[in-house]
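Both backbone and side-chain heavy atoms feed into the values below; hydrogens, waters and symmetry mates do not.
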Amino acid sequence: MVDFNFSIFSAVSSAGADDTALTDLLAAAIGRASDPGQWRTGRAGIWCTVAPEGAQHRQQGWKLHVAATPAAAPEMLARCLEVLLAARSAFKFAATTDFVAALNARNTPRGQSGKFITIYPESDTEAVRLAEALHRATAGLPGPRVLSDRPYAPGSVVHYRYGAFTEDRRINNDGFYAWMILDPDGNPVEDRRVGRYAPPSWATSPFPDNGLRVTRRTGGSGNKILINGCFAVRDAIRHTNKGGVYRAVDTRTGEPVILKEARPHVAADSSGRDTRDRLRAEARALERIQDRGLAPRPVELFTESGHLFLAQEMIPGTPLRDWAADSIRERGWGAHLAPALGMARRLADLVIGAHAAGLVLRDFNPNNVMVRPDGSPVLIDLELAVVAGDPEEAPLRAGTPAFGAPEQLAGARPHASADYFSLGATLCYLITGAPPYFLDERPRPRPLAERLTEWLAARTHDLDLPESLRTLLVELMAEEPERRCGPARARTVLTSCQDLCLDERAYPPAPYPPGADHDGAEPEWLREACDRAVEGITDHLLASMDPQSAQSLWPMSCVHGAPDPCSLQHGAAGCLGALVRCMEHTADPRLPGAARTAARWILERLDGSAERPPGLYFGTAGAAWALLDAGLALGDDALVRDAIAVAEALPEAAASPDVTHGTAGIGMTALHFWARTGRESFAGRAHAAADALAGSVEERPDGPVWTTPAHVDSKLAGKSYHGFAHGVAGPAYFLLACADVTGRADHRALAVRTGESLLDAAVLTPRSAMWGAGTGDPPTAPYWCHGSSGIATFLVRLGRATGDPRFLEAARLSAGAVTDQSWRAVLGQCHGLSGNGDFLLDMAALTGDARHRAAAWRLARIIVANRAHRDGRIVLPDEQGEVSVSWGDGLSGMLAFLLRLRHGSDRLWMADAASAQVPPPARGSAAGTAAGRAS
């Protein structure tokens, strides 16, 4: 992720993706079987599937999982094959040791971790028999505990759980696929894969207990868990696959401590070293520097129930990651520089002190430094630290992307020069608020110094940084380890720079402060850079489209779950919308064909049996919208008719009221179809949606509120928010847009009351307006989804419609929040700079203030500076630091913003055209002709 929430260990082994050792074992075993011709094998993603000819899976039941470390996987598979082939059982296994390592990685989702082999027994009786046979066959081989399952016996690598056997995936109310099983009455329920054993209440286990009695140890402290007889756990800071981190109290002394847990065999390497070895390394590092005040004091290293724990002193304070962000927010952009340089000098001292103690840190980054209340930084999470020259093996190919030195991430032996790089990257974050994260390039990567220099210039172009500081950052992060300057020189330069920057008044608090003169003009080189980015992103979208895929037209991120492949937010509709917009502004001859292909692919899936929610961003409405725009742009009457048919099949309202999933988004879609086709039936649909919202609003003392009903199976159920995507601003925007067309005073009045409640909820400063996600919440980042950018998207239009200067002033202050916090790192539409840039373009268009357009160009410069060149194309990182083409966090949303900035157009997925009372299209146009024929 661009905010560097990365996995610390690369889940890879020395074997490459083309490793065939495991599949060769399968082929040899089948060849030795008595019926080798009676087996069907195949590949599906990371899995090799195996089944006897003619085998019929049960739909659901008790299934088995066998865990293994990468080093043990070949022997584990060989032993299991003897049992499974003899039993003619169906199963699958991770096809390479790389994939086994990925399943066992420290940050793999706890519900999926450890499942090397999955077996589908034909009956419960067979499940019990196979579990016993596999337990005996695999005795003595190592593998992690499968957290979603129950082990067959204490210490066994064989596990069981009740779940789906066949692929019955359905799209849930939130727009993501979910595995389904049937309850005894035949009703579908989600087969939830979570990090604990949680069988359905109606599923009776056929397996023997085998002594697996779960007990909770307590020691006179109520329900608190007591570990090692003396550490009373208060709460969990986090749970990951490698183990938990807990706040606890040492009952012997009364002192608060942090407990770090390491589960056996997780993140094991080819030599068998796992997270327990990393925790032992941290204990050794803490002991080495315990008298220097550089890190927490170690308390005790101990084992309980096979898990290793390290108790260490609890350091009060704030992670450096949050300290830096808070400093920028509280002091303002520019004014943060002097305290940041003071902290930077102390960080250099921290590295100097660790190296003086003989440690190589190997994972120095803003997540691994705690800032005490007195401002002194302290090292935490030293599990990668090693003693210089120590023969003890250290995990290679380890570190945090954006902060780990390239040679260390590639597997080089530990060396202090890698810490110099990490110090430089951490200082970049401290000064800019963003990690210097760069995607890999191919075939000829640009020099890192060139990319870093451009990135720094974009991130700090309105800060008068001393040139010696820029030079220092580039030198610390030199690609060649021998060319990096050390922390001692860094400390000298930082001290000098701090003396120059003590006068905070020398730095403007925001890129474009109120009252500053700016004509909105942008330099020619930046326009050209944006044009190249548009062309390169378009190339990538066209090259990555796979019309032959039955699963997804474009590869999408699954970090939030497996998305509906047709949706706007994470599926093909968002990409199609961006391509159509590109086709309207460029002369690229490839785009009409690509848009037509994408539209037909979406239509084929919409015509299928899969049920999907009706929403705009996570359902059918967004697909219909994209299809209509494609049909109109292509002059394709048949496609327009198809889009109209899809839209007419939508309900007029949904259980959810919001823009992304519910009634407001459905109503916006109806307004858009009404404006583009002139069909009065869509006017009726828009009216019905507005009436549904007016009828479902809850009038509270703090204003109108819409919530998704508590009984709805959705992560949004029972919650109320302020924002545009899921909160009250989105429905109020739709009501205002509908009222602008219909003249309905009641709908407009409800929008005005909602706007006034948002004014009351705003957290105001002389420069900005911000909101919490909901009532009582602290201000959130000023993004489209929950924050100022989305809320003011409504308020500026409300101010224009009513002439009320209070709403326009709140929108102006919201733009101040967006520009003040343009240092934030994420680039996409939903939670990032592209969505904020679209809002600034709204402000420029609706207020005539050129400063907002200039601020949008600043965001574009930052976005373009994050690009990577791959095979002649351009890609940009999504929120996870990967490449996604989706609308919400990926390339399609970024492309749409850059196109609008360069060429000017309406904002996508808004009802502005309808609220501006665009007249119905003339008969004979694609829309008019298609509408007439469809009547």
Side-chain angles (χ1 to χ4, degrees), residues 5-15 46 65-77 93-94 96-118 138 140-152 154-159 161 193-197 227 236-246 258-283 301-310 362-363 367 381-385 393-400:
N5 184 20
F6 297 107
S7 170
I8 291 183
F9 295 105
S10 299
V12 294
S13 70
S14 57
I46 73 169
H65 291 111
V66 179
T69 63
E75 178 64 20
M76 190 77 73
L77 179 62
F93 63 90
T96 72
T97 51
D98 270 355
F99 295 147
V100 179
L103 289 169
N104 294 347
R106 53 176 287 167
N107 287 326
T108 295
R110 288 161 57 87
Q112 285 76 46
S113 65
K115 299 174 181 179
F116 170 41
I117 306 175
T118 304
T138 58
L141 293 179
R145 168 78 182 273
V146 177
L147 295 174
S148 65
D149 294 25
R150 196 178 191 196
Y152 177 71
S156 180
V157 295
V158 180
H159 303 72
R161 70 179 293 267
R193 289 95 188 271
V194 294
R196 66 184 186 281
Y197 177 62
I227 297 180
I237 297 174
R238 61 179 176 270
H239 285 291
T240 64
N241 189 38
K242 73 166 186 174
V245 179
Y246 310 94
I258 294 293
L259 280 180
K260 302 182 72 174
E261 176 189 21
R263 295 204 304 125
H265 308 305
V266 172
D269 60 22
S270 58
S271 66
R273 293 171 54 86
D274 60 25
T275 55
R276 293 170 297 177
D277 295 283
R278 320 300 192 244
L279 197 57
R280 292 187 187 100
E282 178 168 3
L301 184 71
F302 61 92
T303 299
E304 179 154 310
S305 300
H307 293 212
L308 187 67
F309 289 86
L310 172 61
R362 306 184 70 238
D363 200 25
N367 278 331
D381 290 339
L382 295 176
E383 59 189 33
L384 290 185
E393 279 194 34
L396 305 181
R397 301 189 70 177
T400 300

Any side-chain heavy-atom pair of [X] and [Y] under 4.5 Å:
| X | Y | result |
| --- | --- | --- |
| L310 | L301 | yes |
| D269 | D277 | no |
| R196 | R110 | no |
| L141 | V157 | no |
| F116 | L77 | yes |
| P264 | H307 | yes |

*asked:* Tell me if a side-chain donor or acceptor on T96 pairs with a main-chain N or O of F99 at a distance below 3.5 Å.
replied: yes

*T138 side chain to S156 main-chain N or O, any donor-acceptor pair under 3.5 Å?*
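Judged by distance alone, no pair lies under 3.5 Å.
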
_If we check side chain to side chain contact (heavy atoms under 4.5 Å, CB included) with P144, which of these qualifies: K115, K242, H265?_
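Going through the options one by one, the only one that passes is H265.
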
_Gap between atom CG of D274 and atom OG1 of T69 - 0.5 Å precision_ =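 Rounded to the nearest 0.5 Å, the OG1-CG separation comes out at 9.0 Å.
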
_Approximate separation, where rounding is to 0.5 Å, of D149 CG and H65 NE2_ =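 D149 CG to H65 NE2: 5.5 Å, rounded to 0.5 Å.
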
Grab the two heavy atoms, one from [X] and one from [Y], that are nearest each other, plus how far apart they are.
| X | Y | answer |
| --- | --- | --- |
| L308 | F302 | CD1-O, 3.4 Å |
| P70 | T97 | O-CG2, 3.8 Å |
| S270 | A71 | O-CB, 3.4 Å |
| L103 | A94 | CD1-CB, 3.9 Å |
| R150 | Y197 | N-CD1, 3.6 Å |
| A68 | A73 | CB-CA, 4.1 Å |

_With side chain to side chain donor-acceptor pair (under 3.5 Å) as the test, pick out the partner of R263 among N241, N104, T240, T275._
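Exactly one candidate clears the test, N241.
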
*Let me know which of K260, R106, R362 forms a salt bridge (Lys or Arg N to Asp or Glu O under 4.0 Å) with D381.*
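Option passing the salt bridge (Lys or Arg N to Asp or Glu O under 4.0 Å) with D381: K260.
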
_Over 60° means perpendicular and under 30° means parallel, so tell me whether Y246 and H239 are parallel, tilted or perpendicular._
perpendicular

